[in-house]
Protein chains: 2
Amino acid sequence: MQLRRTDILDAARELIDADGLDEFSARKLAAALKVTPGDLQWHFPDRQSLLEALAEDLMAGVGEPPPAGPWDRRLITLAHRLRRALLGLRDGARLLSGTFVTEPNTLRAARTGTRVLIEAGLPPDQAAWTVLAITHYIVGHVIEEQSVRPKLPADLSGVDDLNRELAATVTADPARRFEFGLGLLIDGIRRLF
Amino acid sequence: MQLRRTDILDAARELIDADGLDEFSARKLAAALKVTPGDLQWHFPDRQSLLEALAEDLMAGVGEPPPAGPWDRRLITLAHRLRRALLGLRDGARLLSGTFVTEPNTLRAARTGTRVLIEAGLPPDQAAWTVLAITHYIVGHVIEEQSVRPKLPADLSGVDDLNRELAATVTADPARRFEFGLGLLIDGIRRLF
DNA sequence: ACCTGAACACCGTTCAAGT
DNA sequence: ACCTGAACACCGTTCAAGT
């Protein structure tokens, strides 16, 4: 049976979802595919290119033009898509942040967001800067979301109010936290018009 | 000569600054210190704990209370400090994002930011959520700043306007880009009052 | 064009033994 | 308390050889 590119990527996703990015190795992947490490090398010249392919796949669809409507709704749609995409694979945000923005799907997402803001009337440079800022927020957020949280001490007595508040924040529903920070950015963008 | 903790961390920083986080290994560090790998293990039980110590050191001073003044100025001061701290070591943002927020210096920075907003009149939960959002933006931004940029094609003919705009954005002075995105967030926070 | 076998130059971590 | 020597169980990558 011929080893196809998508089979390799599927198996890689399975391993990463199971054990995390740090546990992932090309040799384990080869073993899972019942194939020699050398064979894997033939399909992907090195480990990095395999991870980049994975990141690119993750971004598929994110850059589809969002439905017509007000710019803020369209931007929020894009932001949610990017977050969902990153959450689609264990350690997805860390994976993406280790690759470059020049891959087609990643670039397309940035283009789509920029176009939304240009169409809304923002000058092109401000539009591009804004999209980059939102992207950084999302990547930073999801990296934290996906990082293993240390067990918070069940007993919070002896901890002061501020620490308790911060603990509550980090433990809070990440989707709502995401929404809150995104809202700050959107409100900030509003003042650019 | 006794091997001290700070010597180990200094040598580690030197190696990371020289070759990047991916090239860094405990064995190279041991060699640089003219010491056995096993000896290093005695001082830091595992590689991860060494990296965490490094991240903690990076955050030293960030959480000092900023000079009195309007909340936005104080928050901007903290934001710049965090960015400078992360830029203080090659791959510093990636390093920090691989550790937890519970280390004293990291926690202190979050506490200080939260307190600034509470003192300005924000409810504690909103203050904490806001600080987390800014932190995510900064970490995401500096990760991109510190990632090796692929050589942009010198010849941009044949590339459309949008790509050219995005290329210009990524190539632009990162300090100004940082300021722009931070400004969006600050303006968003303004509307919370 | 695809895959194997075998090697090379590395890793992090453990652990008995020394001082 | 600190450090060495030596090993264990891994890595990514290369490359001649097979089909």
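So you know, we letter chains A, B, ... as the sequences are listed, proteins then strands, and number each from 1.
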Of B/Ile8, B/Leu96, B/Leu95, B/Thr99, which meets side-chain contact (heavy atoms from CB on, under 4.5 Å) against B/Leu54?
B/Leu95
Any chance you could measure A/Asp125, atom CG, to B/Glu165, atom CD, to the nearest 0.5 Å?
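Atom-to-atom, A/Asp125:CG and B/Glu165:CD are 5.5 Å apart.
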C/dC3 OP1/OP2 closer than 4.0 Å to side-chain N/O of A/His43:
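Looking at the OP1 and OP2 atoms of C/dC3, one of them is under 4.0 Å from a side-chain N or O of A/His43.
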A/Gln41 side chain N/O closer than 4.0 Å to the phosphate oxygens (OP1, OP2) of D/dG12?
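Checking D/dG12 against A/Gln41, no side-chain N or O comes under 4.0 Å of OP1 or OP2.
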Under 4.0 angstrom, heavy atoms only, what part of the nucleic acid is B/Arg47 near: base, sugar-phosphate, or nothing?
sugar-phosphate
In whole angstrom, what separates [X]'s [atom1] from [N]'s [atom2]?
X	N	atom1	atom2	value
B/Glu23	C/dC10	CD	P	11 Å
B/Arg27	D/dC8	CZ	C1'	11 Å
B/Asp22	C/dG12	CG	P	12 Å

Distance between C1' atoms of D/dA7 and C/dC11 (Å, rounded):
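Result for the C1' pair: 14 Å, nearest Å.
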Could you tell me how the ring of B/His136 sits relative to the ring of A/Tyr137: parallel (under 30°), tilted (30 to 60°) or perpendicular (over 60°)?
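Rings of B/His136 and A/Tyr137: tilted, as their planes differ by 30° to 60°.
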State the pairing partner of C/dT14; accept Watson-Crick or G-U wobble contacts with both distances under 3.5 Å, and report none otherwise.
D/dA6
Among A/Asp7, A/Asp91, A/Asp57, which one satisfies salt bridge (charged side-chain N to carboxylate O under 4.0 Å, His left out) with A/Arg13?
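One option only clears the test, and that one is A/Asp57.
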